[in-house]
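These notes concern the structure reproduced below.
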Amino acid sequence: MNGKHIRRLGFEKKALPLALAAAQTREAAGVAVPEILDELQAVQADPAAYLAGGVYAELAAHLHDLGLGKRAAEQVQASARLHAAPLPYRVWGEDLIEPGAREQMDVAMRLPIARAGALMPDAHVGYGLPIGGVLAAENAVIPYGVGVDIGCSMMLSVFPQPATSLSTDEARALLMKHTRFGAGVAFEKRERLDHEVLHDPAWKDQALLRHLHPKAAEQIGTSGSGNHFAEFGTLTLRAPELGLEAGEYLALLSHSGSRGFGAQVAGHFTALAQKRWPGLDRAAQKLAWLPLDSEDGQAYWQAMNLAGRYALANHEQIHARLGRALGVRAAAQVSNSHNLAWKQRVNGAELIVHRKGATPAAAGQLGLIPGSMADPGFVVRGTGNSAALDSASHGAGRQLGRKAAANTLARRDVQAYLEGRGVTLIGGGIDEAPQAYKRIEDVIARQADLVDVLAEFRPRVVRMDTGSEDI
DNA sequence: ATGTCC
């Protein structure tokens, strides 16, 4: 009797020495080898029957545990199975939304962890959850339900002086000197500013965060690429609001996120989530989630919230640098995150509400909904619509994808659009052309029951990343 | 969205 006989029966790893020891005991007791092999096969077939005692008990216990482990793993994967039909959800501005975004939201509403959802009128196709998608999940957070740019957000500063007090040339010079745009861009060493968010104790809690801290420190106060911008313009208040009298004011509006730091956090935890559910339906692979009560889920929650605070710190520095250069203190400031997840009570239960390109719009909550580089943006106040999970759109939303915009739009079309509205543009790729976006007036009109408009902001001097194709 | 890897 030797290991070869045992291995041939399919015993491996820890079961192999256990089976061999039992077999040798039987052999010493005078049992013939073919009979022992029959007994081993019987233990293999039904380990539970041999648990009570005897020479095969230890082997049986081990095989029994293996079986339980396998069944548990199967149960875990079964718990990831999608529902056959999506939970019902409301859509605002259905006539403005491409079918692909609806299909993505349908898949999200079939997730076993989904409890409620809504689609905003700026919705368009994204990775996993569509942009403009709102999804409430139970005890789970979906990295791609938040998005790659964790904490992407808006900030508005209103200055107590007329819009005409800053010339186009002055505005352009200020933006060129005090903002930084582009992927990978950081502030020059001697220009860097400190911020309390860089001293947040959370940075020391995870190896990933410790590793990303230097990048965060060098990129703080920068604006990134894509649809991010910083712009001076005119804010029109038709009635007293924000602690200000009605009138026209000089204002600064910025759109920025958590830069390389947030992108790497998103990538790290998306990979962990996808690894966790190898059997997940292909259609939902990018919606892989982390249980909030798991170690990975807790780590993501901490990193995500740190990235959210960091993104707002970026805006604070953008506004502080430009405000200081202007020599004025802002009379009012509004900001909001539109790529983040929040704990929120929904129909009496505490759920995780993901907003991926959606503005929080609880009753009385202030928010900012920008149009495009040459179209107005709006200061809004939420109405607290529960069917929308207290949300609104985060902008106009794309009607052309980046490639489609580059293929169908011409520079002169964009220049004419900018000239017609008196907008000066620094940088800005063709894929960010106003014509690539839905009409903001339509998008605002479709969500009259989600937000009240308090003020209109018209951009005058806009800075964006150069992009691949300069206008 | 990000400088293609944590």
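Quick caveat, the model's predicted, so the values are computed rather than measured. To find a chain, count down the sequence lines: A is the first, B the second, and so on, and within it residues start at 1.
When the P atom of dC5(B) is taken as reference, atom CG of Leu272(A) falls 16 Å away, rounded to whole Å. We find that OH of Tyr300(A) is positioned 14 Å from P of dC6(B), with the value rounded to whole Å. In this structure, the CG atom of Leu208(A) is 7 Å from the C1' atom of dC6(B), given to the nearest Å. As a whole-Å value, the separation of Arg402(A) CZ from dT2(B) P is 10 Å. Atom pair His255(A):NE2 and dT2(B):P shows a separation of 10 Å (rounding to whole Å applied).
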For residues 78-85 of chain A, which side-chain donor-acceptor pairs fall under 3.5 Å, sequence neighbours excluded?
unit_1: Ser79(A); atom_1: OG; unit_2: Val76(A); atom_2: O; d: 2.5

Donor-acceptor contacts, no H, no angles, side chain residues 326-337 of chain A, under 3.5 Å, sequence neighbours left out:
unit_1: Gln333(A); atom_1: NE2; unit_2: Ser157(A); atom_2: OG; d: 2.7
unit_1: Asn336(A); atom_1: OD1; unit_2: Leu368(A); atom_2: N; d: 2.9

Donor-acceptor pairs are to be reported for all side-chain atoms of residues 279-292 of chain A against protein atoms at under 3.5 Å, with residues two or more places apart or in another chain.
unit_1: Asp281(A); atom_1: OD1; unit_2: Ala283(A); atom_2: N; d: 3.1

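Looking at residues two or more places apart in sequence or on another chain, you find a salt bridge (charged side-chain N to carboxylate O under 4.0 Å, His left out) between Asp95(A) and Arg446(A). Residues satisfying the salt bridge (charged side-chain N to carboxylate O under 4.0 Å, His left out) criterion with Glu295(A), sequence neighbours excluded, are absent altogether. Take Arg276(A) and apply the salt bridge (charged side-chain N to carboxylate O under 4.0 Å, His left out) test, not counting sequence neighbours, and it matches Asp296(A). Among residues two or more places apart in sequence or in another chain, the salt bridge (charged side-chain N to carboxylate O under 4.0 Å, His left out) test is passed with Arg309(A) by Asp200(A). Annotation: ring-ring contact (aromatic ring centres under 6.0 Å, His included) contacts of Phe457(A) (sequence neighbours excluded): none.
Only Arg259(A), Gly260(A), Ala263(A), Gln264(A), His268(A), listed by number, bring a heavy atom of residues 258-269 of chain A to less than 4.0 angstrom from any atom of DNA chain B. Within residues 212-226 of chain A, the residues that have a heavy atom under 4.0 Å from DNA chain B are, in order of number, Lys215(A), Gln219(A), Gly224(A), Ser225(A), Gly226(A). Within residues 183-191 of chain A, the residues having any heavy atom closer than 4.0 Å to DNA chain B are, in order of number, Ala183(A), Gly184(A).
Sequence neighbours left out, the pairs with a member in residues 123-160 of chain A that pass ring-ring contact (aromatic ring centres under 6.0 Å, His included) are Tyr127(A)-Tyr144(A).
The aromatic rings of Trp203(A) and Phe261(A) are tilted relative to each other, their planes meeting at an angle between 30° and 60°.
Geometrically, Arg421(A) engages Tyr417(A) in a cation-pi contact defined by less than 6.0 Å to the ring centre and at most 45° from the axis.
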